[in-house]
Amino acid sequence: MADTAFGPPPDPRLGQVETAYLELTRRRRMYGGILLILFVALMASGFRLAESRNAGGFIDGLPMLLSFPAEVLSEAWRNRANLPRMFLEHLPSLVETVNIAAVSTLLGGLAAMLLALLSTRGLARWPRLTPLFRRMMDATRAIPEIVIALMLIYILGGGPVPAVAAIALHTGGALGKLFSEVAENADPKPVEGLASVGATWGQRMWLGVLPQVAPNWLSYALMRFEINVRASAILGFVGSGGIGYDLKIAMQWGQGRYDEVVAIFLLLFVTIVAIDRLSDHARARLVKGRNA
């Protein structure tokens, strides 16, 4: 009589699975180690190249890292009584910076909505042109705002218009990508129902897609508005106006105007924090409901 006290014999396939798993684990570890070695080698070679091209050594300059901020803060502390007056002086430039960010976000957001709907699989008006619209978003997203602004300043001259155009172009590509990903997850049943009763493509998008994606789209647009405030301040350094241009002039004067530099930084910091908090609250209300 067969002895079945210890159950059926082990399946030989389990040993094969275990061997394959261990082999896969060893291969992944080997690839991870090779990538780590390549990363460290590239970082070391890049550091050595940058060190050789610098006017001074990086290690030798570390003790001086905090000397400039200390000089700026000490001068601002001595002249702290002038800070409220400087806040008021630079308030119009701050308003201009926020206006640049708001207009560019609006224009870029409208362009992103159209590009997203035209490049989303299953929703595109012309499906064969979907890759073309996607490459358009990639192109506008790949070029930094400051490069576009420098080109437009050369053509149009200084002022807020090049900054608005540069930020709007980059915003259209960046938001278009995010909007398209949200639209791809929309429920197609309302769109199919509208199509069955003869609705046009615009009516299907307006009535079947936009109500589903509007909260997330607005959330992304508010987040992009925060980014554009910072971008518009940075573009002021290349002559696009706003508070960034005031900051550039104050820093160029150097010692004697460091209190003004600190005042501009504080004004910009408070503004960005306020916009960030308001945007967080608005996004929470949009995505999670009124009681969020």
Side-chain angles (χ1 to χ4, degrees), residues 93-121 123 133-149 160 162-187 205-206 209-237 240-244 247 264-292:
S93 297
L94 178 65
V95 173
E96 182 180 3
T97 296
V98 175
N99 284 338
I100 291 173
V103 174
S104 59
T105 304
L106 177 61
L107 295 177
L110 292 174
M113 291 171 59
L114 181 60
L115 288 172
L117 294 175
L118 291 174
S119 61
T120 301
R121 300 178 184 88
L123 300 178
F133 293 117
R134 286 182 175 272
R135 299 296 80 78
M136 289 174 58
M137 292 190 295
D138 293 341
T140 56
R141 189 170 62 251
I143 305 176
E145 299 100 323
I146 193 168
V147 176
I148 302 175
V164 170
I167 299 175
L169 283 173
H170 194 275
T171 299
L175 283 182
K177 175 66 173 178
L178 297 173
F179 286 0
S180 177
E181 292 177 354
V182 174
E184 286 181 351
N185 295 322
D187 187 1
M205 297 302 103
W206 183 260
V209 177
L210 287 182
Q212 299 184 60
V213 302
N216 284 327
W217 279 15
L218 287 175
S219 175
Y220 283 131
L222 288 172
M223 181 180 66
R224 189 68 199 184
F225 175 60
E226 302 171 22
I227 299 173
N228 288 344
V229 171
R230 303 176 182 92
S232 59
I234 293 172
L235 291 183
F237 275 81
S240 297
I243 200 168
L247 181 59
I264 294 173
F265 267 120
L266 288 175
L267 194 60
L268 187 60
F269 173 75
V270 171
T271 302
I272 289 176
V273 169
I275 292 174
D276 179 71
R277 297 304 302 160
L278 291 174
S279 299
D280 285 345
H281 178 70
R283 287 199 301 269
R285 292 283 296 273
L286 286 169
V287 176
K288 299 179 182 179
R290 294 183 57 86
N291 297 324

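In this chain, residues are counted from 1 in sequence order.
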Apply the test side chain to side chain contact (heavy atoms under 4.5 Å, CB included) to residues Asp138 and Arg141: give CA-CA distance (whole Å), side-chain angles for both, the deciding distance (0.1 Å), then the verdict.
CA-CA 5 Å; Asp138 293 341; Arg141 189 170 62 251; 2.6 Å; yes

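- Scanning both residues, Ala116 and Ser180, for their nearest heavy atoms gives CB-N, 3.6 Å.
- Taking CE of Met136 as the reference point, atom CZ of Arg134 lies at 13.5 Å (rounded to 0.5 Å).
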Between Met223 and Ser219, is the side chain to side chain contact (heavy atoms under 4.5 Å, CB included) condition met? List the steps.
CA-CA 6 Å; Met223 181 180 66; Ser219 175; 5.9 Å; no

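- Two residues are said to be in side-chain contact when any heavy atoms from C-beta on lie closer than 4.5 Å; Val229 and Glu226 fail this criterion.
- Heavy atoms only, all atoms of each residue included: Ala233 and Leu268 are closest at CB-CD2, 3.9 Å.
- Ring geometry, Trp217 versus Phe179: the interplanar angle falls under 30°, so the pair is classed parallel (tilted spans 30 to 60°).
- Heavy atoms only, all atoms of each residue included: Leu115 and Gly172 are closest at CD1-O, 4.4 Å.
- Between Leu117 and Met205 the shortest heavy-atom distance is CD2-SD, 3.8 Å.
- Side-chain contact between Met113 and Leu110 is present, with at least one heavy-atom pair separated by less than 4.5 Å.
- Side-chain contact between Leu106 and Phe225: absent, with no pair of heavy atoms (C-beta onward) separated by less than 4.5 Å.
- Residues Val164 and Ser104 approach most closely at O-CB, 3.6 Å, considering heavy atoms.
- When every heavy atom of Leu235 is checked against every heavy atom of Ala149, the shortest pair comes out as CD2-CB, 3.8 Å.
- Remark: the backbone N or O of Thr97 is paired with a side-chain donor or acceptor of Ser232 at under 3.5 angstrom.
- Side-chain atoms of Asn99 come within 3.5 Å of backbone atoms of Val95 as a donor-acceptor pair (strictly under, hydrogens ignored).
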